[in-house]
Every structure is written in structure tokens, then in C-alpha cells.
Amino acid sequence: EPVKPQVWKGALRAPKDKKASIARACELIPAIAHLIDGRAGGDEAQRSGRAEAAMMALYGARQRGLA
């Protein structure tokens, strides 16, 4: 189900800045922080992409009452 970035980012208070987005994802989902904070490798753009994907999944889970 499509959701505009402004909607899910607003709901999770996810910042636009890549480093801040990575930090926010680690804060929201500490169980997977090792996959998005640099320990799993990748450059900042890759880590930021993983962080945003994780936050989108969290948003969807919360919308469906699963998280």
C-alpha cells in the first residue's frame, strides 16, 4: 500500500539527514541496529537506505497493529 514519505517519516519522526536517519532507525529498532549502523558494512547511502527500509516496515507493522 503506497504511503508518502512525509506520512511515514512524520509518524516516526524520521529526519531527512542521512546520518540522523540512521541514528533514528537504530533508536526505533535496536534489535537490527547492527545491520544499519555500519557494522554490516556499506557506505552512508547504503546504510541510510537500509534504515529507511526498516522504518517503512515498522510504520507498516504499526499501521496493521503488528508492532
Query raised in the report: Are I29 and I22 connected, step by step, through hydrophobic side chains (Ile, Leu, Val, Met, Phe, Trp, Tyr) whose heavy atoms are closer than 4.5 Å?
Result: no
Give, for atom [atom1] of [X] and atom [atom2] of [Y], the distance between the pair rounded to the nearest 0.5 Å.
X	Y	atom1	atom2	value
E1	Q63	CD	CD	8.0 Å
R47	C26	CZ	SG	9.5 Å
Y59	R64	OH	CZ	10.5 Å
L28	I36	CG	CD1	9.0 Å
K16	Q6	NZ	CD	8.0 Å
R13	R24	CZ	CZ	4.5 Å

Query raised in the report: Hey, does R62 have a side-chain heavy atom less than 4.5 Å from the side chain of L12?
Result: yes
Query raised in the report: Going by heavy atoms in the side chains, are S21 and E52 under 4.5 Å from each other?
Result: yes
Requested in this report: Locate the shortest heavy-atom distance separating R50 from G41; write the atom from each residue and the value.
Outcome: NH2-O, 2.6 Å
Query - Shortest non-hydrogen separation from A33 to R39 and the atoms involved - result: C-NH2, 3.8 Å
Report task. May I ask you to decide whether D17 forms a salt bridge with K19, counting only side-chain N to carboxylate O separations under 4.0 Å? Result -> no
